[in-house]
Number of protein chains: 2
Amino acid sequence: MGELKLQMNMDEYLPLRDVVFNTLRQGILTGELKPGERLMEIHLADRLGVSRTPIREAIRMLELEGLVTMIPRRGAEVARISRQDIRDVLEVRLVLDSLATKLACERITEDQKEELRSAAAGFESATGSGDVTLIAQADVRFHDVILAASHNRRLIQMVNNLAERIYRYRLEYIKDSANYQRLIEEHSKIMDCVINGDEGSACIAAEIHIVNQEKVMLNM
Amino acid sequence: MGELKLQMNMDEYLPLRDVVFNTLRQGILTGELKPGERLMEIHLADRLGVSRTPIREAIRMLELEGLVTMIPRRGAEVARISRQDIRDVLEVRLVLDSLATKLACERITEDQKEELRSAAAGFESATGSGDVTLIAQADVRFHDVILAASHNRRLIQMVNNLAERIYRYRLEYIKDSANYQRLIEEHSKIMDCVINGDEGSACIAAEIHIVNQEKVMLNM
DNA sequence: ACTTTGTTTTTTGTATACACTTGAAAAAAA
DNA sequence: TTTTTTTCAAGTGTATACAAAAAACAAAGT
């Protein structure tokens with residue numbers, strides 16, 4: 001069993017359960033905790049230097065988030081993701097991203113338009129750096145701006161949740177530099193449509209963006 | 001403070017946290033626990049005859065489900081639902097129900113077609129009974145069949161979660177017998193399209209169904 | 001060698017104790 | 001009477017103890 005490098009960020013003044021939640025979440029998203037790996041309360045408690053109580057509560061939260069699976073009287077394990085799961089997620093994401101883009105066309109503020117331009121430029125320059133983490137962050141930021149511009153909290157929450165579940169696979173996608181040029185163009189197209197309020201084209205561009213992603217991710 | 005009639009169903013052999021979760025969930029959905037009402041751990045523990053631990057875990061789960069709101073160092077309260085929340089939820093539901101209906105057209109099995117006919121008939125006869133609970137159940141069943149026919153687990157889970165959040169308001173909608181005839185016709189239309197695999201018309205019918213609901217619900 | 005049974009260990013499920021915050025009430029001062 | 005301070009009660013946050021279940025392992029019988 002490999003030693004986990006889980007390290008809690010105690011800076012923030014949050015309930016321990018939230019700190020643990022964020023820590024475990026991060027561990028799962030980065031792949032430090034692998035699918036199928038058991039999450040044993042005592043071990044985690046020892047490693048993170050807290051008692052079992054906050055660990056348990058954090059695990060309950062991760063369960064609802066879909067990142068861990070509970071087996072009664074056996075404990076929790078990091079959720080395994082099947083090909084079918086990815087298909088299901090992307091199928092839903094297609095329409096939700098499309099909706100977000102459409103709503104963004106109607107509701108985006110001037111500030112957000114500026115933010116969007118900045119995010120698109122940031123992504124393009126990030127691809128130049130070759131730093132995968134940086135690129136992933138820039139990509140997330142671009143999508144976050146559009147989501148925020150939809151001004152629909154429920155939608156934002158749901159899309160973020162979906163994105164989280166397939167984050168690891170999306171990372172693989174981001175790693176492949178063969179996709180960069182296309183991604184940049186797709187972002188650019190989406191941005192133009194949203195800024196000009198061209199709903200129809202914006203939706204189509206957003207859908208193409210997801211479909212391309214789907215094609216690559218399902219071949220991994 | 002009114003006496004709650006919360007009663008746990010101990011028949012099932014489940015972890016207490018799940019029993020508590022279901023109990024509180026039911027209480028919130030039926031309106032027995034009202035929006036804004038504080039959920040105090042000790043009181044609930046006493047009332048339900050368990051310790052604080054399962055109560056806390058159940059509350060963490062309800063929080064992620066969106067049914068309760070946590071205020072740090074103050075505890076939990078039943079989530080308040082704003083007009084904007086309802087708008088947001090219905091905006092998302094529109095596209096998700098539309099997607100579910102489209103997928104159902106492609107993937108529905110023969111057994112499910114039969115089930116769908118039965119559910120539609122059941123709803124029509126339920127409206128005759130005048131029993132609101134019965135009608136609501138029949139309505140849920142109809143939608144569940146279509147959801148199941150989408151064969152997309154993530155979608156099923158998400159739509160159910162959305163539906164849950166506005167259940168109380170939907171109930172009000174169901175109460176008004178002025179809507180029955182229209183509901184029956186809408187169901188019938190959706191059913192026909194799904195069974196015949198007519199995706200385009202099915203989506204439109206599903207969307208009309210939600211839009212009508214939205215109109216009424218936002219006027220309450 | 002193989003199955004079955006008994007025992008031990010590990011791990012979860014639940015209860016409870018204690019510390020710390022916060023809000024409110026009561027008491028004292030202006 | 002009003003304001004401020006103090007005290008106290010109520011409630012959450014966290015740790016820990018104990019019980020019960022499941023899994024792993026060993027031993028005995030076939």
Side-chain angles (χ1 to χ4, degrees), chain A residues 1 3-4 6-25 27-28 33-34 36-65 67-79, chain B residues 1-4 6-25 27-28 33-34 36-64 67-79:
Chain A
M1 193 204 302
E3 278 300 309
L4 301 184
L6 290 178
Q7 184 66 38
M8 292 206 297
N9 179 8
M10 299 295 271
D11 294 349
E12 312 191 41
Y13 185 55
L14 278 174
L16 279 184
R17 61 159 173 277
D18 291 324
V19 180
V20 173
F21 175 77
N22 288 327
T23 306
L24 293 181
R25 184 168 166 279
I28 294 175
L33 296 166
K34 296 187 178 49
E37 190 168 330
R38 284 184 71 180
L39 294 176
M40 282 174 303
E41 298 171 0
I42 302 178
H43 292 178
L44 290 173
D46 286 352
R47 204 182 299 283
L48 299 179
V50 300
S51 80
R52 279 176 58 206
T53 310
I55 301 277
R56 285 178 69 80
E57 298 189 349
I59 288 180
R60 293 292 95 73
M61 292 163 79
L62 289 166
E63 182 193 5
L64 269 282
E65 196 90 325
L67 290 177
V68 313
T69 314
M70 295 286 309
I71 305 168
R73 296 238 156 248
R74 180 104 204 297
E77 61 173 48
V78 179
Chain B
M1 192 203 302
E3 280 300 310
L4 301 184
L6 291 179
Q7 186 64 39
M8 294 207 294
N9 178 7
M10 300 295 271
D11 292 349
E12 312 192 42
Y13 186 55
L14 277 173
L16 279 183
R17 63 161 170 276
D18 291 324
V19 180
V20 173
F21 174 77
N22 288 327
T23 305
L24 292 181
R25 184 170 166 278
I28 295 175
L33 296 166
K34 297 191 178 45
E37 189 167 333
R38 283 185 73 181
L39 294 177
M40 282 175 301
E41 299 172 1
I42 303 177
H43 293 179
L44 290 173
D46 285 351
R47 205 180 300 283
L48 299 180
V50 300
S51 81
R52 278 177 60 208
T53 310
I55 301 278
R56 285 178 68 81
E57 299 190 349
I59 288 180
R60 295 288 99 73
M61 293 163 79
L62 289 166
E63 181 193 7
L64 268 282
L67 291 177
V68 313
T69 314
M70 295 286 309
I71 306 167
R73 297 230 156 256
R74 182 102 205 297
E77 62 174 48
V78 179

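Lettering of chains follows the sequences in order, A, B, ..., and the numbering in each one begins at 1. Atom set for the values below is all heavy atoms of this structure, side chains included, hydrogens, waters and symmetry mates excluded.
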Subject >> Side-chain N,O (B:His43) to OP1/OP2 (D:dG11) below 4.0 Å >> reply: yes

Original post:
For B:Ile55 and C:dG13, what is the distance between atoms CD1 and C1' respectively, to the nearest whole Å?
Top reply: 14 Å

**OP:** Would you indicate what B:Ile71 reaches in the nucleic acid, counting non-hydrogen atoms under 4.0 angstrom: base, sugar-phosphate, or nothing?
**Re:** nothing

**OP:** Take the protein atom CE of B:Met40 and the nucleotide atom C1' of D:dG11, then report the distance between them rounded to whole Å.
**Re:** 8 Å

Subject >> Qualifying residue for side-chain contact (heavy atoms from CB on, under 4.5 Å) with B:Leu67, from B:Leu24, B:Leu33, B:Ile28 >> reply: B:Ile28

**OP:** State whether B:Arg74 places a side-chain N or O below 4.0 Å from either non-bridging phosphate oxygen (OP1 or OP2) of C:dG23.
**Re:** no

**OP:** Could you tell me which non-hydrogen atom of B:Glu41 sits nearest to which non-hydrogen atom of B:Ile59, and how far apart they are?
**Re:** CG-CD1, 4.5 Å

Below 3.5 Å between N/O atoms, which protein atoms pair up with nucleotides 16-19 of chain D? Just atom names and distances, please.
unit_1: D:dT16; atom_1: O4; unit_2: A:Thr53; atom_2: OG1; d: 3.4

Original post:
Is it true that a side-chain atom of B:Arg60 and a backbone atom of A:Arg56 form a donor plus acceptor pair closer than 3.5 Å?
Top reply: no

Original post:
In whole angstrom, what separates A:Glu77's CD from C:dT12's C1'?
Top reply: 15 Å

Original post:
Is there a side-chain contact (heavy atoms from CB on, under 4.5 Å) between A:Glu57 and A:Leu16 once you walk through the steps?
Top reply: CA-CA 10 Å; A:Glu57 298 189 349; A:Leu16 279 184; over 6 Å; no

**OP:** Calculate the interatomic distance between B:Leu16 atom CG and D:dA20 atom P; express it in whole Å.
**Re:** 13 Å

Original post:
Between A:Arg38 and B:Arg38, who's closer to the 5' end of DNA chain D by nearest nucleotide?
Top reply: B:Arg38

Original post:
What's the spacing between A:Arg52 CZ and A:His43 NE2 if we round to 0.5 Å?
Top reply: 11.5 Å

Original post:
In whole Å, what is the span from the CD1 atom of B:Ile42 to the C1' atom of D:dA9?
Top reply: 11 Å

Original post:
Roughly, in whole Å, what's the span from CE in B:Met70 to C1' in D:dG11?
Top reply: 12 Å

**OP:** Classify the nucleic acid contact of A:Arg56 as base, sugar-phosphate or nothing, counting any heavy atom under 4.0 Å across all strands shown.
**Re:** base

**OP:** Whole angstrom is fine here: how far is it from CD in B:Glu41 over to P in D:dG11?
**Re:** 10 Å

Subject >> Value in whole Å for how far the P atom of C:dT12 lies from CG of A:Leu39 >> reply: 9 Å

Subject >> Pairwise distance OG1(B:Thr23) to CZ(B:Arg47) - rounded to 0.5 angstrom >> reply: 13.0 Å

Original post:
Can you tell me how far CE of B:Met61 sits from CE of A:Met61, rounded to the nearest 0.5 angstrom?
Top reply: 12.0 Å

